[in-house]
Structure formats: structure tokens, C-alpha cells
Amino acid sequence: MANAVPRSFLQVAAKEEEAAPPLRVVQIEGLVILKIIKHCKEFSPALVTGQLLGLDVGSVLEVTNCFPFPVREEDEEIEAEGANYQLEMMRCLREVNVDNNTVGWYQSTLFGSFQTVELIETFMNYQENIKRCVCIIYDPSRSNQGVLALKALKLSDSFMELYRSNNFTGENLREKNLSWVDIFEEIPIKVSNSALISAFMTELEPDTPVTQCDYERLQLSTNPYLERSVEFLIECMDDLSMEQQKFQFYYRNLSRQQAQQQAWLQKRRADNMAHKAAGGEPLPEEDPSNPAFKPIPEPSRLDSFLITNQIANYCNQINGVAGQSFSRLYLMKALQEN
């Protein structure tokens with residue numbers, strides 16, 4: 001029997017990483033959710049971010065701790081201080097035996113407007129060092145309607161592969177079979193608490209089954225939220241119209257160039273026939289120095305994909321809030337009649 005070939009630690013780790021199951025659930029401690037909500041609501045409507053810490057266990061990404069980032073300004077010195085602050089915080093957590101493994105980050109949003117190029121760039125920067133990371137999005141404005149607007153997102157593998165090549169042309173997207181719905185993947189969130197915290201919450205639970213969150217769900221005033229959502233939706237429609245104008249301009253120039261190429265080829269073929277009749281050699285039918293044969297760069301479809309994704313998000317939010325509002329109005333009408 002042949003002896004087994006010894007393998008290094010890096011080889012074993014690389015093999016286990018390749019065989020890792022796909023991410024199915026993001027398990028978050030209840031205390032972490034409270035920290036995220038507190039940080040985002042304190043600075044609302046300003047947008048804030050923070051670091052997520054935890055463990056990657058099989059198909060479950062456990063988030064056991066977090067800490068906020070200081071509010072940054074567009075200054076290189078302040079950005080350097082923010083990076084030093086992050087490293088110092090993780091060093092302090094390691095000294096007190098708290099999980100200090102980075103598993104992603106969280107950020108607040110306003111009316112669900114988070115699908116931007118900056119979010120994708122941040123994902124790609126994290127992916128350079130962390131193979132599996134998530135972004136927790138919290139919307140304080142949506143939570144005021146009685147709903148915990150918390151979601152975990154990650155970039156799809158097919159989109160990340162295409163983003164690294166930086167080739168978002170129509171032909172390449174058709175080859176990859178990638179559409180605007182394939183950019184982000186939403187991972188289910190599972191809230192986890194220790195047995196001691198669960199027992200403590202049971203002791204704190206009031207005798208009445210009605211909570212403050214139940215009262216918030218019965219609020220009839222949803223006009224401000226709907227108005228702002230419709231305003232953002234109109235802005236996205238204008239942005240999408242501008243993107244479509246770019247593609248219309250591109251296809252117009254492309255058709256004009258193709259017409260010029262056909263006219264040049266017909267002229268060149270007529271000249272070649274005259275050369276042949278005179279006993280000369282035919283000229284080549286392609287001339288790279290001719291401006292008519294210079295390829296026109298196709299605009300990237302990434303912005304239009306993100307805008308379309310954002311429009312779908314706004315429509316889903318408006319549909320959900322409007323449906324709940326109608327249910328409340330019919331409920332109040334029935335109560336008044338009785």
C-alpha cells in the first residue's frame with residue numbers, strides 16, 4: 001500500500017474552501033440587531049456603517065458582534081484614522097476573547113435606496129480577503145411603519161466573475177445569461193439568542209399580548225412614506241431614461257458607421273474591378289486606418305441594471321405599504337360601522 005502524500009496546511013485549507021457548501025442562512029445574535037438599530041436610528045437620516053464580526057460555519061454565517069464606524073468625511077487623513085480605528089477595535093476585542101473575525105459590514109439606507117455602484121465596489125474589496133461576506137441593510141424609515149426592515153445581501157458568483165472582467169456589454173450578458181435580478185442574492189436571516197437571554201425576555205414580557213409594535217402597525221398615516229417613495233421612483237425613472245438615451249445614441253452611431261462601411265466597401269470593390277480590368281492587383285477590402293472601421297465602444301449596462309433593480313425595489317415597497325394601508329382603512333371602516 002502506497003504511503004499517503006503529506007499535504008501542507010494551506011493545501012488542506014484551500015481544499016476545504018473549495019468544498020465549502022453555499023451560504024444558506026445568516027444567523028444574527030439579538031444583541032447585534034439591537035446595536036445596529038440603535039446606531040442607525042441615532043444618526044438617521046444620515047447614512048452610517050459598521051463592522052460585522054462572527055464565524056463562518058458550513059452553510060451558516062454567524063454574526064455574534066458588531067461595532068460602528070465613525071462618521072467619515074471626504075478627507076484622506078480622516079479615512080486613515082477610520083482604518084486605524086477599525087484595527088484598534090479588532091485588537092481590543094481579540095484581547096478580551098471576543099469574536100474578531102470579519103464577516104461583512106452593515107449600513108443604513110433611506111427608503112430602500114442602497115443598490116449603488118459603491119455597494120458593489122465595497123463588496124469586491126471585502127471579497128479580496130473574505131470569500132464569504134454579507135452586508136446587512138437596515139432601513140429606519142421602513143421600520144417606522146411597524147416592519148423590521150432588515151435584510152442580508154451578497155453578490156452572486158456569476159455577477160462577481162463578470163464584474164472582474166469589467167465587460168458589461170449586451171453580447172457578454174447574453175452569453176452569461178445574466179439579468180438585472182441576478183446581481184444581488186438575499187440570504188434569509190435567523191435571529192438567535194442564548195437560553196439566558198430568552199429566559200430574561202420571557203420574564204420581561206408583559207401580561208397583555210398587545211405590544212408597541214402592534215400599535216405601530218395600525219398607524220393610518222402612510223402618506224409621507226408613500227410620497228417620498230414615489231419621488232425616489234420618479235428620479236430613478238428619469239435616470240433610466242437617460243441611460244436609454246445613451247444606448248439610443250450608441251445604436252444610432254453604430255448604424256451610421258455600418259452604412260459608411262458598406263458605402264466604402266462598394267467603392268473599394270468597384271475600384272478593384274477597375275484594377276482587375278487594367279491588369280493590376282486588387283486592393284484590400286479592409287483598411288484599419290479608416291475611421292469607418294474603428295469600433296465604437298458600447299456603454300456599460302451596469303448602471304441601467306442597478307437602476308432597474310432599484311425601481312423594482314421601490315415598486316415592491318409601494319405595493320406592500322399601499323396594501324397594508326388599504327387593509328387598515330377597511331378595518332377602521334368596519335369598526336366605525338359597528
Side-chain angles (χ1 to χ4, degrees), residues 8-29 31-33 35-36 39-40 47-70 72 79-109 114-138 150-166 182-192 302 306:
S8 64
F9 173 77
L10 294 177
Q11 291 176 343
V12 175
K15 184 175 181 180
E16 291 181 354
E17 185 177 338
E18 293 176 357
L23 184 60
R24 301 295 184 188
V25 179
V26 176
Q27 182 175 305
I28 308 179
E29 296 286 341
L31 183 59
V32 176
I33 294 180
K35 289 181 178 180
I36 294 175
H39 183 211
C40 295
L47 303 182
V48 295
T49 60
Q51 191 80 55
L52 297 177
L53 306 174
L55 296 172
D56 184 4
V57 183
S59 61
V60 179
L61 190 67
E62 298 182 2
V63 181
T64 57
N65 200 358
C66 69
F67 62 87
F69 289 156
R72 297 185 303 176
E79 289 184 0
E81 292 178 0
N84 294 332
Y85 167 81
Q86 178 181 354
L87 295 175
E88 185 66 20
M89 280 291 297
M90 296 181 69
R91 185 184 65 81
C92 294
L93 292 173
R94 183 171 62 251
E95 289 179 354
V96 295
N97 290 330
V98 177
D99 290 338
N100 62 333
N101 299 317
T102 302
V103 295
W105 80 101
Y106 70 87
Q107 69 179 47
S108 61
T109 184
F114 59 88
Q115 300 180 12
T116 59
V117 179
E118 289 76 12
L119 179 63
I120 295 177
E121 292 177 350
T122 306
F123 259 116
M124 298 306 295
N125 291 333
Y126 270 84
Q127 286 288 338
E128 292 180 358
N129 300 318
I130 307 172
K131 295 301 180 182
R132 294 205 300 186
C133 66
V134 295
C135 177
I136 303 296
I137 305 291
Y138 177 72
L150 196 72
K151 60 175 62 178
L153 298 177
K154 67 180 290 290
L155 292 179
S156 63
D157 296 335
S158 57
F159 177 80
M160 286 191 294
E161 181 182 356
L162 188 61
Y163 187 85
R164 292 188 181 99
S165 64
N166 195 19
D182 301 323
I183 298 179
F184 296 100
E185 293 181 4
E186 185 173 354
I187 310 299
I189 293 178
K190 178 182 177 182
V191 182
S192 174
L302 177 60
L306 290 175

Query raised in the report: Can you tell me if E62 uses its side chain to pair, donor with acceptor, with the backbone of V26 under 3.5 Å?
Result: no
Query - Expected output: side-chain S59 to main-chain L23 donor-acceptor under 3.5 Å - result: no
**Report entry** Distance-only side-chain donor-acceptor flag, Y106 / H39, under 3.5 Å
**Finding:** yes
At what distance, to the nearest 0.5 angstrom, does [atom1] of [X] lie from [atom2] of [Y]?
| X | Y | atom1 | atom2 | result |
| --- | --- | --- | --- | --- |
| K190 | Q27 | NZ | CD | 5.0 Å |
| T116 | E121 | OG1 | CD | 8.5 Å |
| I183 | L162 | CD1 | CG | 10.0 Å |
| W105 | T49 | CH2 | OG1 | 10.0 Å |
| M160 | F123 | CE | CZ | 9.0 Å |
| T122 | L155 | OG1 | CG | 10.0 Å |

Which atoms form the tightest heavy-atom contact between [X] and [Y], and what is the distance?
| X | Y | value |
| --- | --- | --- |
| C66 | K35 | SG-CB, 3.7 Å |
| I187 | R24 | CG2-O, 3.5 Å |
| Q51 | T102 | NE2-CG2, 2.6 Å |
| Q107 | L119 | OE1-CD1, 3.9 Å |
| L47 | S108 | CA-OG, 3.3 Å |

Query raised in the report: With respect to L52, which candidate in I36, N101, I28 satisfies the side-chain contact (heavy atoms from CB on, under 4.5 Å) definition?
Result: I36
Query raised in the report: Name the one of I130, L61, I136, V134 that satisfies side-chain contact (heavy atoms from CB on, under 4.5 Å) with V103?
Result: L61
Report task. If the plane angle is over 60° it's perpendicular, under 30° parallel, otherwise tilted; pick one for F184 and F114. Result -> perpendicular
Query raised in the report: Do the side chains of K154 and C135 get nearer than 4.5 Å, heavy atoms only?
Result: no
Query raised in the report: Under a 4.5 Å cut-off applied to non-hydrogen side-chain atoms, are F69 and V48 in contact?
Result: no
Report task. Any chance you could lay out the side-chain contact (heavy atoms from CB on, under 4.5 Å) test for F159 and D182, step after step, and finish with the verdict? Result -> CA-CA 7 Å; F159 177 80; D182 301 323; over 6 Å; no
